[in-house]
Amino acid sequence: MLFQNKTTEKINYLENWPDHYYEVPTGRERKELLTAAISQGLATPSDSYRQKLCEKRFFSRNGNGTADAFMYAWMMIKASSDSGFSFFREKKRKRELESYMELLCLYDYQQMQPKELEILKEEWSDFARCLINACAGSKNYCSTLFGFVRIQDTVIAEKIASEILMVTRYYPARLGLDEPFTPFRQIVCNVYCQMIENGEAYLSGSDSI
């Protein structure tokens with residue numbers, strides 16, 4: 001079995017606010033929930049930064065909250081790494097990667113106050129969960145032979161682990177930008193190990209995280 005065993009139940013998202021915030025499925029609903037928390041006097045001091053992250057992550061690419069900028073940045077970095085590497089395009093690749101790093105807030109954390117950094121790490125963790133769920137639930141990602149034959153769970157887990165390290169370490173390293181990815185990579189890898197059975201083993205074949 002690929003995922004760790006989990007139980008689910010119906011949630012009142014405003015109860016014990018903001019404990020259940022990251023269980024809200026869409027950016028639009030999160031924005032509405034933040035507004036509701038403020039109007040009902042439930043908001044915490046951290047919610048102002050949580051609102052900024054919600055706007056940047058879900059509303060910076062379109063106005064309806066359906067485009068996850070974190071996911072877009074991840075997929076674009078993956079596509080760049082899959083397309084090979086050319087010395088003659090290194091400067092262009094570096095500029096592109098820097099723009100994706102900006103979307104992922106990889107430059108922001110260096111100037112953040114501790115409370116803001118805590119919220120950003122929660123946002124990164126939420127993204128990692130969304131990413132791993134999306135990969136494990138995708139027919140194309142989990143299949144071969146034109147999507148008709150599902151590959152084994154162990155192969156899926158290895159594939160996700162390999163992608164995590166390629167996007168957050170190996171490709172940035174080729175452009176001299178791996179260091180800013182370090183806190184982000186650690187969080188994505190930690191979430192992977194929490195969600196995937198024997199996750200540490202799938203990551204252990206690579207260099208230390």
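- Checking side-chain atoms of Ser162 against main-chain N and O of Lys159 turns up no donor-acceptor pair under 3.5 Å.
- Rounded to the nearest 0.5 angstrom, Leu120 CG and Leu106 CG are separated by 8.5 Å.
- Taken from SG in Cys189 to CD in Gln194, the straight-line distance is 11.5 Å, to the nearest 0.5 Å.
- In this structure, the separation between CG on Leu175 and CE on Met101 is 10.0 Å, given to the nearest 0.5 Å.
- Of all non-hydrogen atoms in Cys193 and Gly199, the two that sit nearest each other are SG-C, 3.9 Å.
- A side-chain donor-acceptor contact under 3.5 Å links Asp47 to the backbone of Thr44.
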Audit row: Val188, Trp124, side chain to side chain contact (heavy atoms under 4.5 Å, CB included) steps and yes/no: CA-CA 7 Å; Val188 175; Trp124 283 343; 5.8 Å; no

Apply the test side-chain hydrogen bond (donor to acceptor under 3.5 Å, both in side chains) to residues Thr35 and Glu32: give CA-CA distance (whole Å), side-chain angles for both, the deciding distance (0.1 Å), then the verdict. CA-CA 5 Å; Thr35 301; Glu32 292 173 351; over 6 Å; no

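- Ile38 is not connected to Tyr22 by any chain of hydrophobic side-chain contacts under 4.5 Å among Ile, Leu, Val, Met, Phe, Trp and Tyr, and they are in different clusters.
- Counting heavy atoms from C-beta on, the side chains of Glu102 and Tyr107 come closer than 4.5 Å.
- Taking 4.0 Å as the cut-off between side-chain N and carboxylate O, Arg50 and Glu118 do not count as a salt-bridged pair.
- For the pair Arg30 and Tyr21, the cation-pi test (distance below 6.0 Å, angle within 45°) is passed.
- The two residues Gln40 and Leu14 make their nearest non-hydrogen contact at NE2-CD1, 3.5 Å.
- Heavy-atom minimum distance, Leu97 versus Pro172: CD2-CA, 3.8 Å.
- A salt bridge does not link Lys121 with Asp126: every distance from a Lys NZ or Arg NE/NH1/NH2 to an Asp or Glu carboxylate oxygen is 4.0 Å or more.
- Sorted by first and then second residue, the salt bridge (charged side-chain N to carboxylate O under 4.0 Å, His left out) pairs with a member in residues 59-75 read Arg57-Asp68; sequence neighbours excluded.
- Ring geometry, Phe184 versus Phe127: the interplanar angle falls under 30°, so the pair is classed parallel (tilted spans 30 to 60°).
- Using modelled atom types, one side-chain atom of Arg185 and one backbone atom of Thr168 make a donor-acceptor pair closer than 3.5 Å.
- Using a 4.5 Å heavy-atom threshold, the side chains of Cys105 and Phe70 count as touching.
- Using a cut-off of 4.0 Å between Lys/Arg side-chain N and Asp/Glu carboxylate O, Glu90 and Lys94 are scored as not salt-bridged.
- For the side chain to side chain contact (heavy atoms under 4.5 Å, CB included) test with Leu34, the passing option among Pro18, Ser39, Cys54, Ser48 is Cys54; the others fail.
- The neighbour count for Lys52 NZ, taken as heavy atoms of other residues, nucleotides or ligands under 6.0 Å away, does not exceed 12.
- Side chains of Tyr13 and Glu23 form a contact here, defined as non-hydrogen atoms less than 4.5 Å apart.
- One hydrophobic cluster, built from ILVMFWY side chains closer than 4.5 Å, cannot hold both Phe59 and Ile119; they sit in different ones.
- Asn16 meets the side-chain hydrogen bond (donor to acceptor under 3.5 Å, both in side chains) test with no other residue; sequence neighbours excluded.
- For Tyr100 and Trp74, the distance between ring centers is not under 6.0 angstrom.
- Taking hydrophobic clusters as Ile, Leu, Val, Met, Phe, Trp and Tyr residues chained together by side-chain heavy-atom distances below 4.5 Å, Tyr170 shares a cluster with Ile187.
- The shortest distance between side-chain heavy atoms of Lys56 and Gln51 does not fall below 4.5 Å.
- When atom types are taken as modelled, the side chain of Asn62 and the backbone of Gly65 share a donor-acceptor pair closer than 3.5 angstrom.
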Go through the steps to decide whether Phe181 and Ile77 satisfy the test side chain to side chain contact (heavy atoms under 4.5 Å, CB included), and finish with yes or no. CA-CA 12 Å; Phe181 275 86; Ile77 297 171; 4.1 Å; yes

Hey, mind stepping through Arg93 and Ser81 against side-chain hydrogen bond (donor to acceptor under 3.5 Å, both in side chains) and telling me if it holds? CA-CA 10 Å; Arg93 289 289 185 90; Ser81 66; over 6 Å; no

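- Scanning both residues, Ala161 and Tyr202, for their nearest heavy atoms gives CB-O, 3.9 Å.
- Note on Leu33 and Phe58: separate hydrophobic clusters, where clusters join Ile, Leu, Val, Met, Phe, Trp and Tyr whose side-chain heavy atoms are under 4.5 Å apart, directly or indirectly.
- Contact detail for Ser204 and Ala201: the closest heavy-atom pair is OG-O, 2.8 Å.
- Taking the side chain to side chain contact (heavy atoms under 4.5 Å, CB included) definition, one finds that Glu116 meets it with Tyr49, Met112, Gln113, sequence neighbours left out.
- The CD1 atom of Ile164 sits 12.0 Å away from atom NZ of Lys78, with the distance rounded to the nearest 0.5 Å.
- Between atom OH of residue Tyr192 and atom CD of residue Glu163 there is a gap of 11.0 Å, rounded to the nearest 0.5 Å.
- From Glu158, atom CD reaches atom CD1 of Ile196 across 11.5 Å, with rounding to the nearest 0.5 Å.
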